[in-house]
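These notes are about the structure you will find just below.
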Amino acid sequence: METGSGTPDESKERINDLNRQIKQTREKMELETRTFIEAAKAFTSEWIRREVERTEVSKNGIEGKKDNREEKTYGEENPQQEKSGEHEPDLAEQIARIPLVVEEYLNRDEYWIHRNELFHPGIAPDYLEFKKEKTRKQLTTCIRMLLGCAAELLSNREYALPESKIWVRERERRKYVCILRFSEEMEASLTRYLSMLEKLYSLDYELKFCKRKSRT
């Protein structure tokens, strides 16, 4: 590679060009990050709504009609809540908050490589694959924790939860542990994001090389 072997002006021009390309690549990756997060909001909200409703139908079918004693107990609790000014959000209100939770959990710099300074031993293919796989695993774990919100909703609504089969506790929260597949939109977005990662590393590597050469 002849990079860095030209005149000082040529080296400076190349450095400026690389900085411009890196900035553009980071901006594209940030747009893809937003696309993934928005797709994750829709996926998570729908998944949780479906899971809660499915469990609710199943529970109602098993329990049948409640006896008068249970109805009376339930009826006595509401006036107390109203008197104290407490309001228990209904299912629709709780699910409506899910996108805010997804935003809080997924929009973190630690998950998105382009937002951070790059540290890498060259641009070896094995290293790039390692970074891609690490990113995918981190995001998958985060989504599993977000789906745990369904378990929290079910628990708040007094459902019995089989902790060892579908949910496990991790970091004092429930985590979904069964097979998980991203939505088509999430998978396509993440694939595009990771495809840009190699370009970003390559540009950054060349930039560091040019800067070293310009100082010699």
For side-chain contact (heavy atoms from CB on, under 4.5 Å), just list the numbers for Leu118 and Tyr205, CA-CA rounded to whole Å, side-chain angles, deciding distance to a tenth of an Å, and then say yes or no.
CA-CA 9 Å; Leu118 303 181; Tyr205 178 77; over 6 Å; no

Taking side chain as C-beta onward, heavy atoms only, is Tyr176 less than 4.5 Å from Ile143?
no

Closest approach of Phe43 and Ser183, non-hydrogen atoms and distance?
CD1-CB, 3.8 Å

Heavy-atom nearest pair, Arg181 first then Ile179, reads NH1-CG2, 3.7 Å

Output all residues satisfying ring pair (Phe, Tyr, Trp, His ring centres under 6.0 Å) with Phe182, sequence neighbours left out; order by chain, then residue number.
Phe36

I'd like to check Asp204 versus Glu117 (side-chain heavy atoms, cut-off strictly below 4.5 Å). Are they in contact?
no

Counting C-beta onward and ignoring hydrogens, is there a side-chain heavy-atom pair between Thr35 and Arg192 closer than 4.5 Å?
yes

Donor-acceptor pair, distance only, cut-off 3.5 Å: does the side chain of Thr33 make one with the backbone of Met29?
yes

CD/Glu110: more than 12 non-hydrogen atoms of other groups inside 6.0 Å
yes

Using a 4.5 Å cut-off on heavy atoms from C-beta on, say whether the side chain of Leu146 contacts that of Leu106.
yes

Applying the side chain to side chain contact (heavy atoms under 4.5 Å, CB included) criterion to Lys134, which one of Lys132, Arg136, Lys137, Gln138 satisfies it?
Gln138

Using side-chain hydrogen bond (donor to acceptor under 3.5 Å, both in side chains) as the criterion, point out the one residue from Asp17, Asn19, Thr25 that pairs with Gln21.
Asp17

List the residues meeting side chain to side chain donor-acceptor pair (under 3.5 Å) with Glu30, not counting sequence neighbours, and say none if there are none.
His114, Arg115

Could you check whether atom CD of Glu103 has more than 12 heavy atoms from other residues, nucleotides or ligands sitting under 6.0 Å from it?
yes

Given Glu206, which of Arg212, Lys199, Arg14 fulfils the salt bridge (charged side-chain N to carboxylate O under 4.0 Å, His left out) condition?
Arg14

Is Leu31 reachable from Ile22 through a run of hydrophobic residues whose side-chain heavy atoms are each under 4.5 Å from the next?
no

So if you build clusters from Ile, Leu, Val, Met, Phe, Trp, Tyr with side-chain heavy-atom gaps below 4.5 Å, do Val102 and Leu180 land together?
yes

Show your reasoning for whether salt bridge (Lys or Arg N to Asp or Glu O under 4.0 Å) applies to Glu38 and Arg34.
CA-CA 6 Å; Glu38 292 303 316; Arg34 292 308 317 171; 2.9 Å; yes

Surrounding NZ of Lys28 (heavy atoms of other residues, nucleotides or ligands, distance under 6.0 Å), is the total greater than 12?
no

